[in-house]
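Since the structure comes first, as structure tokens, the remarks are kept for the end.
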Amino acid sequence: MAYDPKTIEERWQRYWLDNESFRCEVDPSRPKYYVLDMFPYPSGQGLHVGHPKGYICTDAIARYKRMRGFNVLHPMGWDAFGLPAEQHAVETGTHPAITTQRNIDTYRRQLRSLGLSYDWSREVDTTDPRYVRWTQWIFQKLHERGLAYEAEVAVNWCSALGTVLANEEVIDGKSERGGHPVVRLPMRQWMLRITEYAERLLADLDLVDWPERIKRMQVEWIGRSEGARVAFPIVDGDTTIEVFTTRPDTLFGATYMVLAPEHPLVRKLTTEAQRSDVEAYVAEAARKSERARMADGEDKTGVFTGAFATNPVNDARIPVWIADYVLASYGTGAIMAVPGHDERDYAFATRFDLPILEVVAGGNLAEAAFTGHGTALNSGFLDGLQTKEAKARMNDWLEEQGKGEATINYKLRDWLFSRQRYWGEPFPVMHLDDGTVKLVPEDQLPITLPKLDDWAPTGEFETPLSRVPEWIQTSDPETGANARRDPNTMPQWAGSCWYFLRFCDPHNDAEAWSTEAERYWMPVDLYVGGAEHAVLHLLYARFWHKVLYDCGLVSTKEPFQKLLNPGMILGHAYRYYDDNLSDDPNAALHAYPASAVRFEGERAIAAATGDEVKARWLLRPDVRFDEDDVPVHPTLEDIPLEEVTEKMSKSRGNVVSPDDVIDEFGADSMRLYELFMGPLEKGAPWSTDGIPGCFRFLQRAHRLVTEETLCDGDGTEEQARLTARTIAGVTGDMEAIQPNTAISKLMVWSRDISRDGSVPRAGAVAFVRMLAPFAPHLAEELWSHLGNTASLTHEAWPEADPTLLVEDTITVAVQVNGKRRDEIRVPANADETTVRDAALATENVQRHLDGKEPRKVIVVPGRLVNIVV
RNA sequence: GCCCAGGUGGCGGAAUUGGUAGACGCGCUAGACUCAGAAUCUAGUGUUCGCAAGGACGUGCUGGUUCGACUCCAGUCCUGGGCACCA
């Protein structure tokens with residue numbers, strides 16, 4: 001019987017499902033292992049070959065750990081709220097719930113076809129009301145602890161799309177999709193006080209085993225900085241401007257102040273003479289997106305308000321300006337400008353002819369700001385102090401005088417937690433007529449989404465839910481008083497902040513999870529998912545987890561013990577450009593090769609005409625190759641194509657589906673290949689060239705076990721040693737999560753085991769067990785061929801006989817002056833003198849010594865001998 | 001601009017603590033089987049000189065430390081990722 005993956009894989013997938021082979025239950029008598037994939041958003045395109053890289057690796061680990069006696073929790077679910085389903089509803093009228101279910105079905109089918117060993121009885125779906133109920137419940141916990149509050153925050157509103165856009169969806173004041181105008185409008189929104197947890201989110205990174213670069217990204221995102229708050233009184237006024245500075249030691253050098261254009265004091269401080277200039281500047285800044293403001297970079301702009309403030313250390317009268325280089329959202333939204341010792345202030349002062357004062361020695365202020373540390377000067381009581389001491393002295397002085405205090409500031413901002421969208425969790429709150437907010441009683445949860453008949457945006461600035469008055473309008477079930485529901489929904493992050501807890505106890509209708517299940521399964525021992533979630537998802541989930549910890553609802557400070565990021569699998573495509581910006585299928589377009597296009601920021605411009613153009617992609621089968629083997633467009637004349645390797649995405653047309661690969665080679669070959677390609681964390685362009693090699697290996701494995709006659713026992717000594725070495729090596733590789741080298745050792749075994757005799761049964765048994773994590777279908781098939789009736793899911797992992805790992809005779813390399821000249825075979829237990837003499841005696845060494853006396857001989861036991869002449 | 005990761009054959013990639021560079025796979029070459037091909041098996045395969053034995057060179061580049069460097073140090077170039085007026 002030839003190896004036929006299709007039959008084998010169908011049979012065993014059926015068996016695993018029918019027997020619930022991977023079902024797990026709390027069992028305090030056994031050690032647990034919780035291995036988790038970041039659950040996917042089920043998009044309409046289904047999986048591409050890049051997605052399963054991590055899933056396959058965690059599956060191999062899960063199967064390995066089961067065989068090592070662990071009680072393994074390995075679940076899968078769906079992060080199913082999200083914008084694409086809602087946009088699909090706008091376009092087709094199909095309810096997002098229907099689209100979502102359809103997509104989930106596709107994903108589930110594809111994951112099952114890979115033979116992944118999930119406990120499907122634990123599947124969760126964040127859009128399921130039984131799940132939403134507990135997401136809302138956790139929101140209420142946050143609210144009860146004062147961590148959820150409402151605030152007026154500006155949003156990017158696009159009336160053409162009828163939706164609010166994230167900052168990265170806005171390019172140059174226009175929507176990324178379609179190029180429609182976007183305005184910034186203030187709106188009442190929910191915020192979560194994540195900043196209150198900044199210090200713990202930072203400190204507890206020490207508790208987890210994560211890649212250093214991910215930790216660093218979180219550290220930088222949180223952006224802790226130590227400094228001081230200082231109050232500057234307004235001249236002839238009753239207000240003060242408060243600023244944050246990391247350099248209180250330079251306070252004597254503050255020669256002007258700057259407020260962000262959005263600063264609440266701008267209107268109040270501006271004098272009549274300056275009012276029209278200031279208002280024009282503020283309006284201009286509001287029109288620009290945050291991104292555009294940052295992009296302007298070096299060219300500092302600003303306007304004088306007409307007001308003056310007093311420098312609290314020397315009573316100097318200094319002007320107050322507004323400028324958009326000061327960010328409203330960081331610190332206090334206002335700065336003291338020290339042009340002598342800050343590059344931005346220096347550029348601004350030079351541009352507007354403001355005084356520059358030297359208060360730290362060490363630079364040349366005629367040329368540039370000096371931002372380094374040094375000795376204070378022109379600074380009254382700080383003169384002569386080094387920067388570090390000067391800071392401390394100034395902080396003390398500020399506190400003594402009541403003019404400021406030492407403080408810590410974070411870049412991290414509170415989390416904007418509402419979205420003006422339909423397909424998300426409604427807020428479990430009631431807005432009462434007196435303006436207060438009351439939580440919906442727990443027994444009334446979940447608040448479910450209303451039906452929506454008309455999906456098309458109205459262009460009005462309103463949320464989809466606000467268009468359903470009978471849903472918005474409600475009453476307080478406890479008092480019967482009038483109440484309104486919140487018209488916003490939660491962001492997609494909400495469901496993913498706690499799904500790993502629900503997996504511990506997914507069918508519990510009395511509580512979000514039981515204490516027993518949480519204490520047993522948590523924390524997640526191994527969490528695998530894309531580095532693109534390095535900051536947001538992982539930070540938000542950690543934040544919720546810490547709140548739940550403070551509520552006494554979870555027992556661990558951190559949810560994810562070890563984290564790994566699979567590298568991205570990239571797709572190949574061929575690129576050109578055209579000027580059909582609106583994607584009109586009937587447009588008469590003009591196409592351009594990459595060489596005729598230049599870039600201005602993120603915009604592609606045709607070099608000849610200056611018109612904006614749009615990138616287009618073709619897949620290899622659609623590309624024509626001309627006589628010089630240059631890829632060209634199949635129909636458009638003279639358009640050479642640029643070969644690009646990028647992230648797989650529908651818009652680039654470079655997506656490869658696992659369905660096609662499985663159809664041709666089977667799931668086991670696909671799994672083996674994705675593991676064998678290289679280390680988990682490394683990305684690579686997708687190529688099918690290596691798959692036949694993996695298929696051949698499985699074929700050979702199949703033949704060895706089913707077609708050869710097995711001899712009983714361990715076989716010859718060489719065979720027994722080979723098997724023992726393989727077991728030891730594969731086990732070590734699995735512990736280190738290096739399936740690529742584990743597989744290569746299995747390949748060596750299958751190549752060499754029948755070298756000096758027929759395949760020994762004991763070796764075959766060990767081999768099949770070791771094959772199970774990588775090619776589980778074939779392993780099951782061979783296992784039953786070896787006479788077993790049960791699945792090998794819970795069979796014991798083989799153990800290497802340690803006596804067989806010790807070689808009697810070993811090969812030692814012989815070097816002369818560090819260059820390898822020969823090798824010798826010596827008994828493993830030979831002493832140094834024996835090895836040294838044997839090495840000196842070899843012919844090659846004698847020739848290279850050429851009669852000279854060795855000056856020094858270095859013997860590295862078991863490794864090599866180096867003879868220095 | 002700043003920070004981080006990484007540069008090893010034609011290709012994907014191996015290489016405990018500094019100790020035989022290139023495991024394993026792909027591709028390629030030759031042979032076996034075959035009427036032939038496919039498939040399979042066997043052998044070879046870093047570059048270069050040599051009939052060979054054997055030598056020289058070789059882990060982005062330039063130096064350094066060392067008996068010995070892919071591995072450690074300094075500098076430099078390239079690629080990928082992150083951050084980007086955070087006071």
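All chains are named by letter (A, B, ...) in the order of the sequence lines, taking the proteins before the strands, and each is independently numbered beginning at 1.
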What string of B, S and - do you get for nucleotides 8-18 of chain B 5' to 3' if you count protein non-hydrogen atoms under 4.0 Å? ----BSS-B--

Which one, [options], comes nearest to the side chain of [X]?
X: A:Arg216; options: B:A87, B:A23, B:C4; result: B:C4
X: A:Asp324; options: B:G19, B:A87, B:C85; result: B:C85
X: A:Met747; options: B:G82, B:G68, B:C24; result: B:C24
X: A:Arg696; options: B:C24, B:G27, B:G82; result: B:G27
X: A:Arg820; options: B:U20, B:C83, B:C85; result: B:U20

Does a nitrogen or oxygen in the side chain of [X] sit under 4.0 Å from OP1 or OP2 of [N]?
X: A:Arg821; N: B:A56; result: yes
X: A:Lys819; N: B:G55; result: no
X: A:Arg700; N: B:C41; result: yes

If you measure only the distance, is there a donor-acceptor pair under 3.5 Å linking the side chains of A:Thr301 and A:Tyr281? yes

Classify the side chain of A:Asp689 versus the base of B:C26 as yes if they form a donor-acceptor pair under 3.5 Å and no if they do not. no

Classify the side chain of A:Lys745 and the base of B:C24 as holding, or not holding, a donor-acceptor pair under 3.5 Å. no

Rounded to the nearest Å, what distance is computed from the [atom1] atom of residue [X] to the [atom2] atom of nucleotide [N]?
X: A:Leu327; N: B:A84; atom1: CG; atom2: C1'; value: 11 Å
X: A:Glu343; N: B:C2; atom1: CD; atom2: P; value: 11 Å
X: A:Asn409; N: B:A87; atom1: CG; atom2: P; value: 8 Å
X: A:Ile322; N: B:C85; atom1: CD1; atom2: C1'; value: 16 Å
X: A:His341; N: B:C85; atom1: NE2; atom2: P; value: 23 Å
X: A:Arg751; N: B:A23; atom1: CZ; atom2: C1'; value: 9 Å
X: A:Leu864; N: B:U20; atom1: CG; atom2: P; value: 6 Å
X: A:Lys411; N: B:A87; atom1: NZ; atom2: P; value: 7 Å

Integer angstrom distance from the [atom1] of [N] to that of [M]:
N: B:U62; M: B:A69; atom1: P; result: 15 Å
N: B:G37; M: B:U48; atom1: P; result: 30 Å
N: B:U71; M: B:G64; atom1: P; result: 14 Å
N: B:G19; M: B:G68; atom1: P; result: 15 Å
N: B:C73; M: B:G18; atom1: C1'; result: 13 Å
N: B:U47; M: B:U29; atom1: P; result: 14 Å
N: B:A23; M: B:G13; atom1: P; result: 15 Å
N: B:C51; M: B:G58; atom1: P; result: 24 Å

Answer yes when A:Lys6 and A:Glu664 have at least one side-chain N-carboxylate O distance shorter than 4.0 Å, and no when they do not. no

Any salt bridge between A:Arg229 and A:Glu405, counting N to O under 4.0 Å? no

For A:Pro692 and A:Gln699, find the nucleotide of RNA chain B closest to each by heavy atoms; which residue's nucleotide sits nearer the 5' end? A:Pro692

Go nucleotide by nucleotide along RNA chain B from the 5' end; which of A:Ser744 and A:Asn866 gets its closest nucleotide reached first? A:Ser744

Let's test this: given Watson-Crick or G-U wobble pairing with both distances under 3.5 Å, identify the partner of [N].
N: B:A53; result: none
N: B:G18; result: none
N: B:G44; result: B:C28
N: B:G1; result: B:C83
N: B:A23; result: none
N: B:C61; result: B:G75

So, do A:Tyr673 and A:Trp686 have ring centers that fall under 6.0 Å from each other? yes

Answer with yes or no after comparing the ring centroid distance for A:Tyr256 and A:Phe348 against a 6.0 Å cut-off, counting only values under it. yes

Tell me whether A:Arg821 contacts the main-chain N or O of A:Gln815 through its side chain, where contact means a donor paired with an acceptor under 3.5 Å. no

Is there a donor-acceptor contact under 3.5 Å from the side chain of A:Asp733 to the main chain of A:Ala742? yes

Mind listing the side-chain donor-acceptor pairs of residues 688-701 of chain A below 3.5 Å, one per line with the distance, residues two or more places apart or on another chain?
unit_1, atom_1, unit_2, atom_2, d
A:Arg700, NE, A:Ser750, OG, 3.3

Around A:Glu199, counting heavy atoms of other residues, nucleotides and ligands shown, do more than 12 lie under 6.0 Å from its CD? yes

When all nucleic acid strands are considered with a 4.0 Å heavy-atom cut-off, which category describes A:Ser225: base, sugar-phosphate, or nothing? sugar-phosphate

Answer with base, sugar-phosphate or nothing: what part of the nucleic acid does A:Val860 contact at a heavy-atom distance below 4.0 Å? base

Residue pair A:Arg725, A:Glu807: steps toward the salt bridge (charged side-chain N to carboxylate O under 4.0 Å, His left out) verdict: CA-CA 11 Å; A:Arg725 259 201 322 274; A:Glu807 300 284 344; 3.5 Å; yes

As a test of the definition: with a 90° window around 0 for syn, would you call B:G9 syn or anti? syn

